[in-house]
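Report on the following structure.
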Amino acid sequence: MTEPIPTVTLAATPPMGWNSWNMFGDRVTEADVRETADTLARLGLRELGYEYVVIDDCWSVKDGRDPDGNLVPNPLKFPAGIAALAEHVHSLGLKLGIYSDAADRTCAGYAGSHEFEEQDAALWASWGVDFLKYDYCNAPTDQPTAMDRYARMGRALRGTGREILYSMCEWGGRHPHLWGADVGAQMWRVTGDVFDSWVNVWMPTWGTYGIGVDVSLDAAATLAPYGGPGRWNDLDMLVVGLRGKGQIHGTGMSQVEYQTHMSLWVMACSPLMIGCDLRAMDRDTAALLMNPEVLAVNQDVLGIPARRVRVQGRCETWAKPLADGSVAVALINRDSTGQDMQLRAGDIGLLDTRKLVRDLWAQQDTADFGWGMALRVEPHETRLLRVTP
Ligand code: GLA
């Protein structure tokens with residue numbers, strides 16, 4: 001008898017939620033996380049699929065471990081402890097995530113989990129943790145070591161018997177899309193940190209660039225063939241709504257640029273981890289994070305990341321087949337002048353027969369067309385469409 005093909009249960013569609021880093025950095029507290037979970041439930045984000053509430057770096061006591069070698073939550077930031085927080089988050093029907101690093105120190109210099117994999121995984125499981133983001137600062141840069149260190153934690157998480165989503169963060173340098181699933185991960189970062197900025201920002205202290213949304217487009221295009229159910233290319237946490245006020249660098253973007261950012265993450269099947277302070281969310285931010293028709297494209301059960309099917313100068317057409325036979329299309333203008341772009345049936349794999357076009361950001365049917373139609377796309381704007389044959 002042949003083995004049945006296992007069904008993907010964990011991360012069958014791209015994970016959605018919130019992560020503390022972009023807004024709070026090392027100042028994150030229990031109150032922030034608890035109130036964010038309350039807000040996800042109160043504002044209806046939970047019903048839209050935002051499920052994981054993830055505490056990033058800096059949650060533990062900086063200098064490490066108790067006499068038994070266990071990680072210790074910082075009592076000033078998390079006075080009730082992580083287990084109590086998990087209980088609250090679970091009571092709302094949400095899930096809790098935590099962070100560590102595959103070396104002895106995290107990126108911000110807190111205790112990491114290298115050589116404590118099983119002990120830490122068991123501790124997190126006993127607290128009720130549902131998600132681990134596992135970073136790669138202070139670890140050897142070669143690929144075999146990275147594979148080994150991520151595999152160790154993958155085994156340790158599985159060994160707990162608890163279902164814990166495993167999110168790798170080695171920034172793409174060692175081609176995690178080729179081996180992440182083999183070490184038990186469901187998602188892996190494909191770039192360095194995305195800043196609250198359209199263009200890349202040079203960081204002298206890092207000796208590297210912070211990634212701007214314009215450049216994320218190229219990373220997403222290259223890696224599209226490697227994403228799918230249970231194995232997602234992670235374009236990094238969302239910067240929507242930060243408006244230059246987060247602790248992540250960057251001076252903010254225009255509403256149109258944030259819309260392009262959200263459109264790309266949606267089309268690329270990237271996990272959607274909100275990074276702004278939801279307690280103070282404004283209407284424009286809510287419009288980008290809470291559009292059900294847009295989110296449905298990201299969460300479509302086929303889980304096929306969009307391909308870049310046409311490039312003309314700085315204008316791009318991306319297409320993503322959806323389960324009902326329709327095609328999600330992004331017309332993206334990376335240029336600094338407005339353009340009339342062509343939507344062509346042939347580019348998106350459809351015939352010249354009549355098709356219905358729905359503008360997903362406007363949530364309106366716009367027109368029907370046969371061979372092609374022209375659409376105005378403003379500088380840095382993305383028109384997101386659903387085309388139904
Ligand atoms: C790295 C990661 C970020 C964040 C910080 C925390 O830079 O890429 O997403 O987790 O570490 O220190």
Side-chain angles (χ1 to χ4, degrees), residues 15 17-29 32-33 36 52-64 71 73-74 77-78 96-114 120 124 129 131-141 146 149-150 153 165-177 180 185-197 200-213 215-216 219 232-240 242 246-250 261 265 270-276:
W18 177 89
N19 173 298
S20 62
W21 183 252
N22 280 353
M23 185 67 207
F24 297 103
D26 68 358
R27 298 186 314 272
V28 61
T29 67
D32 297 328
V33 179
T36 296
Y52 289 95
V53 184
V54 181
I55 314 166
D56 206 281
D57 205 351
C58 312
W59 59 269
S60 67
V61 171
K62 194 153 191 175
D63 287 326
L71 291 167
N74 183 323
K77 296 177 184 170
F78 293 88
L96 187 74
I98 210 158
Y99 166 101
S100 191
D101 190 291
D104 61 346
R105 293 276 148 196
T106 69
C107 295
Y110 291 65
S113 293
H114 181 51
D120 291 354
W124 298 322
V129 164
F131 178 113
L132 173 68
K133 172 174 171 182
Y134 205 41
D135 218 335
Y136 204 65
C137 283
N138 308 308
T141 54
R149 291 194 179 193
Y150 277 105
M153 183 52 86
L165 198 155
Y166 187 22
S167 161
M168 281 172 45
C169 180
E170 61 73 75
W171 321 290
R174 285 146 288 260
H175 311 297
H177 54 282
Q186 286 79 32
M187 55 190 268
W188 37 82
R189 281 272 297 277
V190 296
T191 68
D193 292 8
V194 169
F195 282 6
D196 190 9
S197 171
N200 280 4
V201 182
W202 174 249
M203 292 293 291
T205 45
W206 295 4
T208 174
Y209 284 95
I211 307 294
V213 163
V215 173
S216 297
W232 305 108
N233 295 314
D234 176 9
L235 293 176
D236 200 0
M237 287 89 74
L238 295 165
V239 294
V240 176
L242 287 173
Q247 70 79 40
I248 192 90
H249 300 265
H261 162 43
W265 265 235
S270 174
L272 300 176
M273 306 301 289
I274 298 169
C276 66

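Both ligands and their constituent atoms are indexed starting at 1 by order of listing.
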**Item:** Contacting atoms of ligand 1, where contact means under 4.0 angstrom from a heavy atom of R189
**Value:** 8 (O), 9 (O)
**Request:** Identify, by atom number and element, the atoms of ligand 1 in contact range of C107, meaning under 4.0 Å from any of its heavy atoms.
**Result:** 1 (C), 11 (O), 12 (O)
**Request:** Could you see which bit of C169 sits under 4.0 Å from ligand 1, with heavy atoms only: side chain, backbone, both or neither?
**Result:** side chain
**Message:** Please classify the T106 to ligand 1 contact at 4.0 Å (heavy-atom distances, strictly less than): side chain, backbone, both or neither.
**Reply:** neither
**Prompt:** Which option, D234, N22, D57, owns the non-hydrogen atom nearest atom 6 (C) of ligand 1?
**Reply:** D57
**Asked** In the protein, what heavy atom is nearest to atom 11 (O) of ligand 1, and what distance, to one decimal place, separates them?
**Response** D135 OD2, 2.9 Å
**Test item: D57 side-chain N/O and D26 main-chain N/O as donor-acceptor pair under 3.5 Å** = no
**Prompt:** Can you tell me if W59 and N74 form a side-chain donor-acceptor pair at under 3.5 Å?
**Reply:** no
**Asked** Which atoms of ligand 1 have any heavy atom of M237 under 4.0 Å away?
**Response** 9 (O)
**Sidechain-backbone polar pair: R189 side chain, G172 backbone, donor-acceptor under 3.5 Å** = no
**Complete:** For D193, the atoms of ligand 1 under 4.0 Å from one of its heavy atoms are 1 (C), 2 (C), 3 (C), 7 (O), 8 (O), 9 (O)
**Fill in**
Under 4.0 Å from one or more heavy atoms of K133, ligand 1 contributes atoms 3 (C), 4 (C), 9 (O), 10 (O)
**Request:** Verify, without hydrogens or angle tests, whether Y209 (side chain) and G192 (backbone) share a donor-acceptor contact under 3.5 angstrom.
**Result:** no
**Asked** Hey, is ligand 1 close enough to W21 that some N/O pair sits below 3.5 Å?
**Response** no
**Prompt:** In terms of the angle between their ring planes, are Y52 and F131 parallel, tilted or perpendicular, with boundaries placed at 30° and 60°?
**Reply:** tilted
**Modelled atom types, side-chain donor and acceptor of Y99 and D135, under 3.5 Å** = yes
**Fill in**
If we number the atoms of ligand 1 from 1 as shown, the ones under 4.0 Å from a heavy atom of D56 are 4 (C), 6 (C), 10 (O)
**Request:** Indicate the ring-plane relationship of H249 and F195, choosing parallel, tilted or perpendicular according to the 30° and 60° boundaries.
**Result:** tilted
**Prompt:** Which atoms of ligand 1 sit under 4.0 Å from any heavy atom of W171?
**Reply:** 2 (C), 8 (O)
**Asked** Is Q247 reaching over with its side chain to a backbone N or O of W21, donor-acceptor style, under 3.5 angstrom?
**Response** yes
